[in-house]
Structures are given as C-alpha cells and as structure tokens.
Amino acid sequence: GMEINVLSEGIPTHSYESEVLTRAFEEITGIKVNHQILGEGEVVQAVQTQMQTQRNLYDGYVNDSDLIGTHSRLQLAYNLTDQMAGSWSATTSPSLDLADFMGSQFTTGPDGDLYQLPDQQFANLYWFRKDWFDDADLQAQFKAKYGYDLGVPVNWSAYEDIAEFFTNDVKTIDGKPIYGHMDYGKKDPSLGWRYTDAWMSMAGMGDKGEPNGLPVDEWGIRVEGCRPVGSTVERGGATDGPAAVYSLTKYVDWLKAYAPPEAAGMVFSEAGPVPAQGAIAQQIFWYTTFTADMVKPGLPVMNDDGTPKWRMAPSPRGAYWEDGQKLGYQDTGAWTLMKSTPEDRAKAAWLYAQFVTSKTVSLKKSHVGLTIIRDSDIRHESFTERAAELGGLVEFYRSPARVQWTPTGTNVPDYPRLAQLWWQNIGDASSGAKTPQEAMTALAVAQERLMQRLQRANVLGECGPLLNEPQSRDYWLSQPGAPK
C-alpha cells in the first residue's frame, strides 16, 4: 500500500511511463507511483532545491546525465554501484543487465561508479530534405555553382554553401518560400542548451577524448586530475578562445542570413516543429526526440506510403574539429535518487526505475517514444522492420558512431548554476548587444567567478575547483591541444 512520487520532463516516453507503466507496476508490486511531468527547467530546479534544502520533494527524478559532474562531486545522490552491492542488493533485478545500457558510461563518475540509471536518450543530429537533395535539377544547379555534388555536408563550409544555395538561389519550391537553415535566437534559458549541448565541440573547441574532451571539454572548462582549473584562455580554458568565438560567429551569421526571419525571436519549443511544416531544407542542430512528431501521416514532409521525405545524418563539423573529438550531443535522462529521500521510499523508486527500463517493457517503450536506451532494443528485428519509416534513427544507433555523440561530462562541477550563465551571455551575442568575442569572454569570466565561489566554499571535495594562476593568452594558445 505504499505511494511514491517521481518527476520527469515532458516527452512522449515519460507520458507513456506515467500513464501506462505506473499502472502495470502497481498491479505487480502494490506500489502506487505518482509520476509527475514538468518542464525540463522545473525538473532541474526541483533537483537543485532538494539538494540545497535536504527536504524530500520527490522520491526519484529522471535527471539529465549532464549533472553527472555535480552528483559525483556533491555526493548527495545515491551511488548506485555501492547500493546495488550493499543494502539494495535484494531490490536489484538479476536481469537488469547494465552492460546492455548504451548510455551507462555517461552516468558514471570520475570514480568509475554509477550514479544514475539511463531511462531515455536521444542525439542531436543533422536533418535534411532528402527529396530536395535528390532532385536532378537542383543537383545540376548546385554542381554548376559550387563544383561538387549536393549531399550530406561533412563540414561547416559545405553546410553554409547548401544554406546559401536554398535560401538565396532556389528561394521557392512549389511557389512557397524556402530556407536553407533553421535555428532559434531569443534570449531565453533554452538558448543555453543550444550551446551547452555541444555546439562548441561540433566546431572543434576542446580536446580529444571519449565521452568528453580531456583536459578541456566542450564547455571550455579545463581540469587537472578531476579538479576544474579554468575557463578563460588565460587559465588554460577555451570558453573564450578562437574556436569558441568562431562557433558563436557562425551561429549568429547563419541565423541572420539563411533562417526564416521569425527564427531570431523564437525559443526552442517554437522552433522545434518548424522543419515539419515543409519550408526548411536542412538543420544542423536537430534533436532525434522530434522523430515521433516528424513521421506523422499527412505532414508536408511525409510521403503517401508512410516514409519520410527527410533523413537524419551525422552532424557536420567545424574548422577546428580533429579526429578523436566528440562530434555532437546526446541527451540521457537518467534515474537519480537522493540520499535526502527516506531509504524505504528511495528503494521503492529504485524498483520503479528498474521496471520502466527493464527488457520486459523497454522495447515497447522504445517504439512509443523513440528514445532508445538498450542495445538489445535497437538491434531487435521490430526496429529493422521500422527503419525505413524512421529516417535514419535506427542506422545511427546501430552504428559505432553513436559513441561520438555524448552528454555534458564530468568537467562541469555545478551544472545547474553554470548552465544559467550561458543563455544570458550568448543572448547578448544573438541580439547584437555584444560581439561574439565579448560575449564569450564575459561567459568565461562568469564561469570562473562561480568556480572561485565553489572553491572558497569547499563543498565539492577533492574534485572541487582549484583555479590556475592566469598567464598570457599566447602562452596557452601555443600549447598543444585546447585552447585553440
């Protein structure tokens, strides 16, 4: 007769859990789960509030693995490796099969222990209108102008050529205006993850390494050992280095030159549905979580036979990118259980977390939400049968390339507070109030100020920030690797 409360963001996967899987779980266990759904920002806020006040707001959270650096340092979330081996061993499923989870490396701390259990994941990839790219007249026109074939761009200069071609040369298809690029630019929290979701790594900022660059990651934060030591170039960081400024400059230029005029005033949720409306040729930054909404029959981007006119493909890379760097972002929402939750309730939430990710239900859940977490699910014959209608999702997740798309890593010591700084500073560049260099320097300085406060407070243990003494930009830019 127990009743617990859990919280997640609003995507179709979690609606399915909340509406369908909670009932099945209660029938099997007798535990009633109130699975609440709020916006992503509100979920992070609730996690942060519970960590700060030590009051039990929810018994379990699906919290982005972007907070792995926070959880592994603060030690306020249960270390699942320890719990499974210890007092939760009796409530740990013998068929959990952690090795089958594609994202478990993303929810592992620098200590090698698991802090979160993946529940859903989706990548950020390149999206394009394959029917337009396959059009013989458009192909001939493009080849005549650029001297190479119109196809999936592997780098940013080719992306720019294609954007220019569709926006300024083709201009209209079937009498309707079309655009070679889509994005969003309003100064709003969603502009932050447009960047922290690895835009800088796509440009090539940061170092080589999997799942994230070491010693410098895609936030431009440098670590020594596990301690963050800087964000500005002067301290060995890369947040305001040439690669970062290049990535922001391209974003601003493309938004102005090639996207629909209203895009600059949009937020993430407004921009998301636009490609499905049929006027966009390509989008460099597109989340696969939109797949389910993009394959609905009757959409302008769907064929009559139920196959899409569009495809997804690996993201093109910027001028600073080198082999061995991550290539883009993958979101991994993962079950996170707090030590401030009474243990009997946390154990019940652990049971529910295992149930909604178990092999018994995860295949069906994967087909509903298309946010696949298990290797055994993506390789199932039912996904082979659906591959043609999913626009490249199945092929991407079956390919070895999937490991190059990764969430925020362990260099970021306090995700909720540092993430707030991004949208405010980037917003100044997208509005034209600051140059890209001014905006990135302001961001780098703000990140270091926050890390200095964390250093003084000394709450993050042996992996807390310990900032370098500043040196000249020339000194750091002449060193191998990032900053570059």
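Just so you know, residue 1 is the first one in the sequence shown, and it goes up from there. Side-chain atoms are counted along with the backbone in the values below, which use heavy atoms only and exclude waters and symmetry mates.
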List for me each residue that meets salt bridge (Lys or Arg N to Asp or Glu O under 4.0 Å) alongside [X], sequence neighbours excluded, and say none if there are none.
{"X": "Asp207", "result": "none"}
{"X": "Lys365", "result": "Glu17, Asp119"}
{"X": "Arg194", "result": "Asp183"}

Relative to the ring of Trp199, is the ring of Trp156 parallel (under 30°), tilted (30 to 60°) or perpendicular (over 60°)?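 Trp156 and Trp199: parallel rings.
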
Sorted by chain and number, sequence neighbours left out, side chain to side chain contact (heavy atoms under 4.5 Å, CB included) with Arg386 holds for His367, Leu370, Glu389, Leu390

Mind checking what makes side chain to side chain contact (heavy atoms under 4.5 Å, CB included) contact with Asp59, not counting sequence neighbours? Ile4, Asn5, Asn56, Thr341, Arg345, Ala349

What do the steps show when you test His35 against His14 for side-chain contact (heavy atoms from CB on, under 4.5 Å), and what is the final call? CA-CA 8 Å; His35 186 144; His14 296 318; 4.3 Å; yes

Looking at Arg227, Met451, Arg222, which hits side chain to side chain contact (heavy atoms under 4.5 Å, CB included) with Leu467? Met451

Could you tell me if Arg374 sits above the aromatic ring of Phe101, with its cationic atom closer than 6.0 Å to the ring centre and no more than 45 degrees from the axis?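 Output yes; distance and angle both within limits.
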
Taking the six-membered ring for Trp and the full ring for Phe, Tyr or His, determine whether the centres of Phe355 and Tyr352 are under 6.0 Å apart. no

As a test of understanding, state which of Phe268, Phe285, Trp219, Tyr287 forms a ring pair (Phe, Tyr, Trp, His ring centres under 6.0 Å) with Trp193.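 Only one option passes, and that is Phe268.
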
Between Gln282 and Tyr126, do the side chains contain a donor N or O and an acceptor N or O under 3.5 Å apart?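 Yes - a donor-acceptor pair under 3.5 Å links their side chains.
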
Qualifying side chain to side chain donor-acceptor pair (under 3.5 Å) pairs, either residue in residues 292-304, two or more places apart: Asp293-Lys296, Asn303-Thr307

